[in-house]
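Here the structure is laid out as structure tokens; the discussion comes afterwards.
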Amino acid sequence: MPKLLLYVYSSNPDANANCDVAVVDLSPALARIGLTRMDRVRTLRAEEADLCAMHYRDFSTTYCSVYDALDEMVERLTGTDVFGALDTRECVILPENFAVPEEHVRRTEDNAMVVTDTELYWKAMPRHTSVVVSTSRLSRIQFEAWAQAHAVPVPGEQHR
């Protein structure tokens with residue numbers, strides 16, 4: 001399955017503990033989970049107006065520093081470097097065979113998926129720091145498009 005490269009923001013504007021970007025598997029399951037959770041928040045907000053987001057424990061995101069091979073791949077895909085691509089798009093779809101080398105993976109704690117009724121993002125705390133990093137936000141529209149792209153026909157159902 002393809003991977004999604006996301007921009008990472010830091011609670012400390014001067015330090016991000018080398019968590020420059022995040023990588024998430026762009027799977028049909030992720031699309032379904034994201035939409036289901038957004039719907040759940042929408043339903044609960046109708047009952048509880050003060051609810052703004054739900055946090056789910058989630059370890060599906062890999063945080064890493066930008067390295068030469070990643071920069072070269074993003075440039076081949078987008079025509080610009082990692083930060084240039086993420087500044088304009090906030091996410092880039094990477095090929096299925098992409099994997100972050102272990103030496104560039106940053107260990108994190110308190111990993112969470114944060115879900116509102118219209119968007120989703122991930123946040124974490126790099127180990128041995130007091131910094132909180134969070135990814136760019138992905139909209140309901142993006143999740144609907146990914147779910148549609150990966151829709152599996154139901155056996156016996158006719159397509160019109």
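In this text, all values refer to a predicted model and were calculated from it rather than measured experimentally. Start at 1 with the first residue, then count along the sequence.
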#### Entry: Working for side chain to side chain contact (heavy atoms under 4.5 Å, CB included), residues T135 and V24
CA-CA 10 Å; T135 69; V24 179; 5.9 Å; no
Open item on the list: With a 3.5 Å distance limit and no angle check, can you tell me whether E47 reaches the backbone of L44 through a side-chain donor-acceptor pair?
Closed with: no
Check against side chain to side chain contact (heavy atoms under 4.5 Å, CB included), E119 and L138: CA-CA 5 Å; E119 61 189 11; L138 301 172; over 6 Å; no
Is V21 close to L70 at the side-chain level, that is, under 4.5 Å between some pair of heavy atoms? yes
Tightest non-hydrogen contact, residues M113 and L30, listed as CE-CD1, 4.1 Å
For M38 and T116 the tightest heavy-atom approach is CG-O, 3.3 Å
*Output, in order, the C-alpha distance, side-chain angles, deciding distance and verdict of side chain to side chain contact (heavy atoms under 4.5 Å, CB included) for Y9 and V133.*
CA-CA 5 Å; Y9 300 92; V133 293; over 6 Å; no
Rounded to the nearest 0.5 Å, the CZ atom of R45 sits from the CG atom of D117 at a distance of 5.0 Å
Cation-pi check for Y121 against R137: NZ or CZ below 6.0 Å from the six-membered ring centre and within 45 degrees of the axis, yes or no? yes
- Donor-acceptor pair, side chain of D58 and main chain of S60, under 3.5 angstrom: yes
Scanning both residues in full, the closest heavy-atom pair of M1 with S27 reads SD-CB, 3.1 Å
Any side-chain heavy-atom pair of V114 and Y56 under 4.5 Å | no
Donor-acceptor contact below 3.5 Å, side chain D71 vs main chain V82: yes
Under 3.5 Å, is there a donor on one side chain and an acceptor on the other for R127 and T108? no
In short, T129 meets M125 closest at the heavy-atom pair O-SD, 3.5 Å
Review point. Heavy-atom distance under 4.5 Å between the side chains of P126 and Y63, does that happen here?
Key: no
Here the gap from T78 atom OG1 to L94 atom CG, rounded to the nearest 0.5 Å, amounts to 10.0 Å
- Query: Side-chain contact, heavy-atom cut-off 4.5 Å: V8 with N16?
  - Reply: no
Value for NE2 (H104) from CG (D68), rounded to nearest 0.5 Å, stands at 8.0 Å
- Task: Kindly determine whether E144 and W146 satisfy side chain to side chain contact (heavy atoms under 4.5 Å, CB included), including the steps that lead there.
- Result: CA-CA 5 Å; E144 288 170 346; W146 294 326; over 6 Å; no
* Return yes if a side-chain donor-acceptor contact under 3.5 Å exists between N12 and S10, otherwise no. => no
The reported gap from OG1 in T118 to CZ in R140 (rounded to nearest 0.5 angstrom) is 8.0 Å
Is L120 reachable from L5 through a run of hydrophobic residues whose side-chain heavy atoms are each under 4.5 Å from the next? no
Exercise. Side chains of P95 and M73: closer than 4.5 Å at any heavy-atom pair?
Worked result: yes
Tightest non-hydrogen contact, residues E96 and P2, listed as CG-N, 3.5 Å
Separation between CD1 (I93) and CG (L77), nearest 0.5 Å, reads 10.0 Å
**Item:** Under 3.5 Å side-chain donor-acceptor pair for W122 and N111
**Value:** no
*Angle class for the F83/Y7 ring planes (parallel below 30°, perpendicular above 60°, tilted otherwise)?*
perpendicular
Rounding to 0.5 Å, atoms CG (L6) and CZ (R89) come to a distance of 13.5 Å
Scanning both residues in full, the closest heavy-atom pair of S65 with R106 reads OG-NH2, 3.1 Å
